[in-house]
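Starting from 1, each residue takes its place in the sequence as its number.
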Amino acid sequence: MRPGDLTHIFLSHAHADHAGGAGAVWRWQGREEKARLLTAGEGKAAYEAALFLSGREKAMIDMTAAEAGAVFDIDGVKVESLWVPAPGRAASSKGGNEYSMVVKVTAGRVSFLFTGDLPGTGEAELLREYRAGNKASSLKAAVLQVPHHGSNSSATEEFIQAVDPVVAVVSAGFQNYFGHPHKAVLERLNSRGCQVFRTDLEGAVVFHTDGRRLTVETFND
């Protein structure tokens with residue numbers, strides 16, 4: 001990939017473990033090749049801190065809060081911001097997880113759902129909104145990024161059922177302090193016949209698709 005090939009960066013929320021690396025990616029690009037950053041609703045200052053931006057960089061960066069329901073066509077791949085909680089609607093600002101943006105990426109018949117650190121309360125609100133609008137089928141995806149690193153406060157049975165994934169990915173550090181992923185979450189996924197990949201055990205997880213078939217490659221392969 002060349003610096004100019006990257007046009008958009010989607011940041012689920014302003015926690016350093018989700019957004020921090022985007023600053024280095026943004027700096028890697030040339031002055032005239034900067035990607036557009038799409039964020040959740042915490043405000044620009046929160047992302048400036050998470051990306052460790054200098055004063056000069058703050059003036060240069062193109063950062064915009066995404067709108068719920070916005071659709072982007074990026075080289076024939078459909079990217080949808082399904083859920084972008086507004087600051088006033090968040091259950092609490094504590095921790096910032098409540099602000100997590102949910103993004104769906106679709107290539108042909110294969111789709112991926114990225115959920116950030118969305119807690120169970122956010123999952124329930126998302127489900128209510130989409131069911132009320134008869135859009136619950138929009139949440140279905142072949143691959144699910146398991147919310148909040150597999151914490152038991154997320155990935156509820158109702159949410160997993162609505163997404164109905166074939167494959168799930170848990171992003172968590174090896175022997176992490178929080179005990180992620182939680183045993184109950186793994187049991188909920190396994191009970192539905194979902195194949196689970198874990199970065200704490202298998203390293204980087206890379207998906208390849210032509211829009212019809214899906215293959216998975218891990219660091220340990």
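In terms of modelled atom types and a separation under 3.5 Å, the side chain of Ser153 and the main chain of Pro119 share no donor-acceptor contact. Listed for the Tyr47 side chain is no donor-acceptor partner under 3.5 Å among the backbone atoms of Thr64. For the pair Lys34 (side chain) and Gln29 (backbone), a donor-acceptor distance under 3.5 Å is present. Looking only at distances, a side-chain donor or acceptor of Tyr130 sits under 3.5 Å from a matching main-chain atom of Leu82. Using modelled atom types, no side-chain atom of Glu129 and backbone atom of Glu125 make a donor-acceptor pair closer than 3.5 Å. Between the side chain of Asn220 and the backbone N or O of Leu201, at least one donor-acceptor pair lies under 3.5 Å. Judged purely by atom type and a 3.5 angstrom limit, Thr209 uses its side chain to pair as donor or acceptor with the backbone of Arg213. Under the 3.5 Å distance criterion, the side-chain polar atoms of Thr115 are matched with a main-chain donor or acceptor of Gln145. Of the possible donor and acceptor atoms, one in the side chain of Glu123 sits under 3.5 Å from a partner among the backbone N and O of Ala155. Side-chain N or O atoms of Thr199 include one that pairs as donor or acceptor with a backbone N or O of Ala172 at under 3.5 Å.
With no hydrogens or angles considered, no side-chain donor-acceptor pair links His149 and Asn176 at under 3.5 Å. Side-chain polar atoms of Glu42 and His13 form no donor-acceptor pair below 3.5 angstrom.
Here the straight-line distance linking atom CG of Asp164 with atom NZ of Lys140 works out to 4.5 Å at 0.5 Å rounding. To the nearest 0.5 Å, atom CG of residue Leu118 and atom OH of residue Tyr99 are 13.5 Å apart. Interatomic distance, Ser100 OG to Leu11 CG, rounded to the nearest 0.5 Å: 11.5 Å. For the atom pair CD1 (Ile160) and CG (Leu189), the distance works out to 4.0 Å, reported to the nearest 0.5 Å. The CG atom of Leu51 lies 8.0 Å from the CD1 atom of Ile9; values are rounded to the nearest 0.5 Å.
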Pair Lys78, Val105 - check side-chain contact (heavy atoms from CB on, under 4.5 Å), show working. CA-CA 6 Å; Lys78 182 180 180 182; Val105 178; over 6 Å; no
For Trp26 and Leu37, what are the C-alpha separation, side-chain angles and deciding distance, and is it a side-chain contact (heavy atoms from CB on, under 4.5 Å)? CA-CA 9 Å; Trp26 182 80; Leu37 273 72; 3.8 Å; yes
Run the side-chain contact (heavy atoms from CB on, under 4.5 Å) check on Val196 and Val170 step by step: do they pass? CA-CA 7 Å; Val196 179; Val170 178; 4.2 Å; yes
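Around the CG atom of Asp75, the shell of radius 6.0 Å holds no more than 12 heavy atoms that belong to other residues, nucleotides or ligands.
By the 4.5 Å side-chain criterion applied to Ile, Leu, Val, Met, Phe, Trp and Tyr, Phe178 is assigned to a cluster that also includes Tyr177.
Shown here for Val71 and Glu80, the closest heavy-atom pair between the two residues is CG2-CG, 4.0 Å. When all heavy atoms are compared, the tightest approach of Val185 to Asn152 is CG2-CA, 3.9 Å. Across every non-hydrogen atom of Ser111 and Ala141, the tightest pair is OG-CA, 3.2 Å. Minimum heavy-atom separation, Ala162 to Leu127: CB-CD2, 3.5 Å. Between Pro181 and Asp200 the shortest heavy-atom distance is CD-OD2, 4.0 Å. Contact detail for Cys194 and Val167: the closest heavy-atom pair is SG-C, 3.6 Å.
Side-chain contact check for Phe72 versus His8: some heavy-atom pair is nearer than 4.5 Å. Between Val216 and Val143, the closest side-chain pair of non-hydrogen atoms is not below 4.5 Å.
Partner of Glu158 under the salt bridge (Lys or Arg N to Asp or Glu O under 4.0 Å) criterion, out of Arg188, Arg131, Arg128: Arg131 alone.
Residues Phe197 and Val166 share a hydrophobic cluster, clusters being chains of Ile/Leu/Val/Met/Phe/Trp/Tyr side chains in contact below 4.5 Å. Using a 4.5 Å cut-off between side-chain heavy atoms of Ile, Leu, Val, Met, Phe, Trp and Tyr, with links allowed through other members, Val25 and Met60 fall into the same hydrophobic cluster. Ile74 and Met101 end up in the same hydrophobic cluster when Ile, Leu, Val, Met, Phe, Trp and Tyr side chains are linked at under 4.5 Å. Val206 and Phe219 are not part of a single hydrophobic cluster, where members link through side-chain heavy atoms under 4.5 Å apart. Linking ILVMFWY residues whenever their side-chain heavy atoms come closer than 4.5 Å, directly or via other members, places Phe207 and Val77 in the same cluster.
For His148 and His18, the distance between ring centers is not under 6.0 angstrom. Aromatic rings of Phe10 and Phe114 (six-membered ring for Trp) have centroids beyond the 6.0 Å cut-off, not under it.
Annotation: side-chain hydrogen bond (donor to acceptor under 3.5 Å, both in side chains) contacts involving residues 52-61, sequence neighbours excluded, comprise Arg27-Glu57, Ser54-Glu57.
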